[in-house]
Amino acid sequence: MTQDQLWNQAVKHPAGYRETGPDAVVAALDAARIIDVREPFEFVSGRVPGSELVPLGEFAAASTHWNKDDLYVLVCRSGARSGRAAGYLASQGFTRVINMAGGMLEYAAAGLDLETAA
């Protein structure tokens, strides 16, 4: 799936970002920058392949260096923290932000491949 396909199939959220499920995220692993906002101990126990860790407490500072026009998919345990992070990015002028609805709980329930610490 391309960036545009991922973006266009995602559902608009009133806070200015979009949401999609884990299946779509996996189909677009090479198309988007996947940011996991969980804590390090959560991240090492299993994550979306290729995702990068930016804990929510460090998120605002880290995102000041990001391109506001790139496509970002935000991930957390249930979708709540990543939803807050997605709303934050949208409020800062980021134009293509997607929250993975259901988070890693839904991802694992779907039986999708997890990447773990080496």
Side-chain angles (χ1 to χ4, degrees):
M1 182 180 298
T2 67
Q3 280 190 4
D4 287 339
Q5 290 170 325
L6 178 62
W7 179 252
N8 291 331
Q9 67 81 37
V11 177
K12 292 180 183 177
H13 187 279
Y17 59 88
R18 295 189 181 198
E19 290 192 309
T20 196
D23 289 332
V25 172
V26 168
L29 286 178
D30 295 331
R33 185 170 173 189
I34 302 171
I35 308 291
D36 193 316
V37 300
R38 297 177 298 161
E39 293 300 314
F41 73 90
E42 296 172 289
F43 185 74
V44 299
S45 67
R47 59 190 170 271
V48 175
S51 60
E52 60 186 277
L53 177 64
V54 181
L56 192 58
E58 301 168 16
F59 190 79
S63 65
T64 61
H65 305 291
W66 298 348
N67 183 330
K68 291 186 176 185
D69 296 319
D70 285 351
L71 178 62
Y72 299 94
V73 175
L74 303 176
V75 176
C76 72
R77 179 181 164 272
S78 68
R81 282 177 283 178
S82 54
R84 288 195 304 273
Y88 173 78
L89 289 183
S91 76
Q92 298 302 304
F94 284 77
T95 60
R96 292 168 52 101
V97 180
I98 298 174
N99 180 39
M100 188 174 82
M104 293 305 295
L105 292 174
E106 188 171 319
Y107 186 98
L112 300 168
D113 287 338
L114 290 171
E115 184 176 81
T116 55

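- Checked for salt-bridge contact, E106 and R77 miss the test: no charged N lies under 4.0 Å from a carboxylate O.
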Evaluate the criterion side-chain contact (heavy atoms from CB on, under 4.5 Å) for residue pair V75 and R47; output intermediate values, then yes/no. CA-CA 9 Å; V75 176; R47 59 190 170 271; over 6 Å; no
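- Note that CD of E39 is 12.0 Å distant from OG of S45, once rounded to the nearest 0.5 Å.
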Begin with the C-alpha distance, continue with both residues' side-chain angles, and end with the deciding distance and a verdict on side chain to side chain donor-acceptor pair (under 3.5 Å) for D69 and T95. CA-CA 6 Å; D69 296 319; T95 60; 3.3 Å; yes
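- Counting heavy atoms from C-beta on, the side chains of W66 and F94 come closer than 4.5 Å.
- Considering every non-hydrogen atom in both S78 and L105, the closest pair reads CB-CD1, 4.1 Å.
- Between M104 atom CE and C76 atom SG the span is 10.0 Å, to the nearest 0.5 Å.
- Shortest non-hydrogen contact noted between A31 and M1 is CB-O, 3.6 Å.
- Of the listed residues (R18, R84, E19, H13), just one forms a side chain to side chain contact (heavy atoms under 4.5 Å, CB included) with N99, and that residue is E19.
- Rounding to the nearest 0.5 Å places CD of Q3 at 11.0 Å from CG of D30.
- L6 is listed as a side-chain neighbour of L71, based on a closest heavy-atom distance under 4.5 Å.
- Scanning both residues, L114 and G46, for their nearest heavy atoms gives CD2-C, 4.1 Å.
- Put simply, the side chain of Y72 reaches to within 4.5 Å of the side chain of N67, judged on heavy atoms.
- Across A10 and I98, no two heavy atoms sit closer than the pair CB-CD1, 4.2 Å.
- Smallest separation of non-hydrogen atoms from V97 and Y17: O-CB, 3.4 Å.
- Summarising the local packing, CG of D113 is surrounded by 12 or fewer heavy atoms from other residues, nucleotides or ligands at distances under 6.0 Å.
- Side-chain contact between P49 and L29: present, with at least one pair of heavy atoms (C-beta onward) separated by less than 4.5 Å.
- Taking a cutoff of 4.0 Å between a charged side-chain nitrogen and a carboxylate oxygen, R96 and D4 qualify as a salt bridge.
- Residues I34 and V26 are members of one and the same hydrophobic cluster, defined by side-chain heavy-atom contacts under 4.5 angstrom among Ile, Leu, Val, Met, Phe, Trp and Tyr.
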Starting from the C-alpha separation in whole Å, work towards a yes-or-no answer on side chain to side chain donor-acceptor pair (under 3.5 Å) for Q92 and S63. CA-CA 9 Å; Q92 298 302 304; S63 65; over 6 Å; no
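- Here the CZ atom belonging to F59 is positioned 12.5 Å from the CZ atom belonging to R81, to the nearest 0.5 angstrom.
- In this structure, S51 and I35 have side chains that are not in contact, with every pair of non-hydrogen atoms separated by 4.5 Å or more.
- Side-chain contact between T20 and V11: absent, with no pair of heavy atoms (C-beta onward) separated by less than 4.5 Å.
- W7 and V25 end up in the same hydrophobic cluster when Ile, Leu, Val, Met, Phe, Trp and Tyr side chains are linked at under 4.5 Å.
- Closest approach of P22 to A101, counting heavy atoms only: CD-O, 3.8 Å.
- In terms of hydrophobic clustering, with Ile, Leu, Val, Met, Phe, Trp and Tyr side chains grouped at heavy-atom distances under 4.5 Å, L56 and Y107 are assigned to different clusters.
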For the pair L89 and L74, evaluate side-chain contact (heavy atoms from CB on, under 4.5 Å) and give the outcome as yes or no after the intermediate values. CA-CA 10 Å; L89 289 183; L74 303 176; 3.9 Å; yes
